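Here's the structure, in structure tokens; my notes come after.
Treat the numbers as computed from the prediction; the structure is a model and nothing was measured. The sequence lines fix the lettering, A, B, ..., with proteins before strands; numbering per chain opens at 1.
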Protein chains: 2
Amino acid sequence: MSAKPSGDKRKKTPESAPGAVWFRAEKTSRTRPQLSHERIIATAVELLDRDGVQKLSMRRLAERLGAHATSLYWHVATKDDVLDLALDAVFAELDLPDEHSASWQGDVEAFMTGLRSVLLRHPWAAALAGSRPLLGPHALRSSEFAYTALATGGFDGVHLSSAAATITHYVIGSASSEAVWRKRSDEAATRSAVDAHLRAHIDEYPTLAGHFPLLKEDDWDAHFHRGMRLLLTGLTSSEARG
Amino acid sequence: MSAKPSGDKRKKTPESAPGAVWFRAEKTSRTRPQLSHERIIATAVELLDRDGVQKLSMRRLAERLGAHATSLYWHVATKDDVLDLALDAVFAELDLPDEHSASWQGDVEAFMTGLRSVLLRHPWAAALAGSRPLLGPHALRSSEFAYTALATGGFDGVHLSSAAATITHYVIGSASSEAVWRKRSDEAATRSAVDAHLRAHIDEYPTLAGHFPLLKEDDWDAHFHRGMRLLLTGLTSSEARG
DNA sequence: ACCTGAACACCGTTCAAGT
DNA sequence: ACCTGAACACCGTTCAAGT
């Protein structure tokens with residue numbers, strides 16, 4: 001199959017004919033805008049949102065940009081760079097207040113729910129975030145917010161970084177899990193198949209059978225909030241602090 | 001480059017010569033054992049441990065097994081199947097007690113530290129575990145253990161599954177993060193580069209600068225344990241339960 | 001400075017054919 | 001029942017060459 005409908009080789013209107021100046025783009029051939037860092041990243045995010053991380057290739061990305069795959073390598077070093085940049089672009093969408101609120105717990109909660117929602121907006125992002133260091137400028141900026149909130153809560157030194165890592169791991173882990181489940185169209189079918197399997201082997205899974213989580217789609221939010229409350233309880237208990 | 005030293009086409013000792021029976025393999029050509037589910041998985045884990053997930057291909061896996069890539073498809077449907085099976089093989093290494101101890105918190109701790117250590121034994125495993133449903137028999141068996149411990153602690157219904165998900169996300173997230181940092185040979189150099197960057201932009205990162213975590217390799221264990229204690233504190237607080 | 005073209009060394013997977 | 005061989009439609013990346 002694979003009908004290639006592009007072609008793009010028609011020369012119907014000769015560009016060197018008299019009078020053609022008026023219909024020609026102004027200075028250089030602006031039919032396709034030039035490649036740039038930002039355009040590459042924006043398009044990568046767009047393709048990742050549409051087709052997922054497995055389907056993203058340098059060739060597809062370049063095609064979408066009206067360029068050749070090899071041209072991308074003037075702007076980025078590797079495909080991994082593209083993924084890192086796309087991921088940081090997701091963190092850039094995280095909208096955190098400039099000022100911190102009166103309650104540090106409220107700020108922690110704002111960080112967690114905010115991060116979760118941008119990660120869910122781009123279902124490929126959480127898994128990526130969980131598997132590479134988050135060192136982009138926007139990721140660091142979001143870390144700064146979490147660190148400040150926790151520092152206000154009395155955390156310091158190694159306890160501060162442990163607490164920050166813990167809440168971040170929770171958000172990324174739960175978003176990744178939610179994204180991977182929701183991605184599959186047959187979530188409900190898979191869940192009831194697993195549930196049936198567990199009940200059929202109830203001697204091996206006496207507790208798990210009957211507790212396998214989440215069959216309805218509205219449950220995800222509450223599921224996340226329960227875990228978050230658990231963490232906030234732990235954070236608020238004074239023993240945990242430095 | 002790529003010197004192919006195999007060849008394997010020499011017929012130095014003619015297999016049909018008189019007396020050759022004694023030197024020939026017994027019944028069928030047993031130079032390479034037959035392909036099997038277990039052999040495929042064991043070899044996949046071996047290659048993943050050695051070269052990482054990025055380098056694993058059906059062709060390399062097959063070569064290592066003395067077979068052709070296409071032969072694998074009689075035993076598994078896709079490469080993803082191989083990864084799922086390899087991941088569950090890691091969960092199979094998790095050695096949990098048959099009986100539960102007197103303290104449910106102790107059991108939760110055993111689950112968390114045990115899972116962490118098998119995941120770190122196979123540095124590719126945590127990232128994988130964070131990005132796909134854990135439905136293999138050995139993963140389910142480990143979930144059963146965690147569920148039972150938490151049920152003993154008073155969790156039930158949706159609170160039980162939320163608590164289980166929370167501790168699992170934490171273990172997988174922190175193991176994944178630790179694995180990815182340790183994998184790179186230049187961890188220390190990267191860390192101090194980040195640290196320098198943060199200090200150079202201290203107006204943007206006033207709290208984060210100076211708190212960027214973990215420069216020494218022994219710190220990982222303590223880092224993990226602090227987060228775990230935080231979770232246990234949250235779990236022990238009665239408000240969190242059903 | 002930015003992009004193309006050709007090339008290299010790979011991929012996952014299907015399917016008819018062999019034993 | 002199990003494996004091979006040929007083939008399809010792809011990959012990431014390098015590098016000399018063009019403008």
- Query: A:Trp74 has a side chain; which of D:dC3, C:dC3, C:dC11 sits nearest to it?
  - Reply: C:dC3

- Query: Using the C1' atom in both, what is the distance from D:dC11 to C:dC8, to the nearest Å?
  - Reply: 12 Å

- P gap between D:dC10 and C:dA9, integer Å: 22 Å

- Message: Just to verify, what does A:Phe145 make a ring pair (Phe, Tyr, Trp, His ring centres under 6.0 Å) with, not counting sequence neighbours?
- Response: A:His100

Between atom [atom1] in [X] and atom [atom2] in [N], what is the gap in whole Å?
X       : N      : atom1 : atom2 : value
A:His68 : C:dG5  : NE2   : P     : 5 Å
A:Leu72 : D:dC11 : CG    : P     : 13 Å
A:Glu63 : C:dG5  : CD    : P     : 15 Å
B:His37 : D:dC3  : NE2   : C1'   : 17 Å
A:Leu83 : D:dG12 : CG    : C1'   : 12 Å
B:Lys55 : C:dG12 : NZ    : P     : 14 Å
A:Ile40 : C:dC2  : CD1   : P     : 11 Å

Would you indicate whether the side-chain heavy atoms of [Y] and [X] approach each other to under 4.5 Å?
X        : Y        : result
B:Ser143 : B:Leu134 : no
B:Phe224 : B:Tyr170 : yes
A:Arg64  : A:Arg50  : yes
B:Met228 : B:Ile167 : no

- Query: Is a salt bridge present between B:Arg191 and B:Asp195, judged by a nitrogen-to-oxygen distance below 4.0 Å?
  - Reply: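 The answer is no: the pair does not qualify as a salt bridge.
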
- Should B:Arg141 and B:Asp88 count as an ion pair when the cut-off is N to O under 4.0 Å?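 B:Asp88 and B:Arg141: not salt-bridged.
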
- Message: Under 4.0 Å from OP1 or OP2 of D:dC2: is there any side-chain N or O of B:Ser71 that close?
- Response: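 So the side-chain polar atoms of B:Ser71 never come under 4.0 Å of the phosphate oxygens OP1 or OP2 of D:dC2.
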
- Task: Answer yes or no: does a side-chain N or O of B:His75 lie under 4.0 Å from OP1 or OP2 of D:dC2?
- Result: no

- Would B:Leu94 and B:Leu119 satisfy side-chain contact (heavy atoms from CB on, under 4.5 Å), going step by step from the backbone distance to the final call? CA-CA 9 Å; B:Leu94 176 53; B:Leu119 290 177; over 6 Å; no

- Query: side chain to side chain contact (heavy atoms under 4.5 Å, CB included) with A:His122: which of A:Leu128, A:Leu48, A:Asp49?
  - Reply: A:Asp49

- Base, sugar-phosphate alone, or nothing: which one does A:Leu61 contact when heavy atoms must sit under 4.0 Å apart? nothing

Taking only nitrogen or oxygen atoms into account, show me every contact under 3.5 Å that the protein makes with nucleotides 13-19 of chain C, one pair per line with its distance.
{"unit_1": "C:dT13", "atom_1": "OP2", "unit_2": "B:Tyr73", "atom_2": "OH", "d": "2.7"}
{"unit_1": "C:dT13", "atom_1": "OP2", "unit_2": "B:Lys79", "atom_2": "N", "d": "2.8"}
{"unit_1": "C:dT13", "atom_1": "O5'", "unit_2": "B:Tyr73", "atom_2": "OH", "d": "3.4"}

- Query: Hey, where does DNA chain C pair up into stems, meaning at least three consecutive Watson-Crick or G-U pairs with distances under 3.5 Å?
  - Reply: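 C:4-8 with D:12-16, C:12-16 with D:4-8 - these are the stems of 3 or more pairs that involve DNA chain C.
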
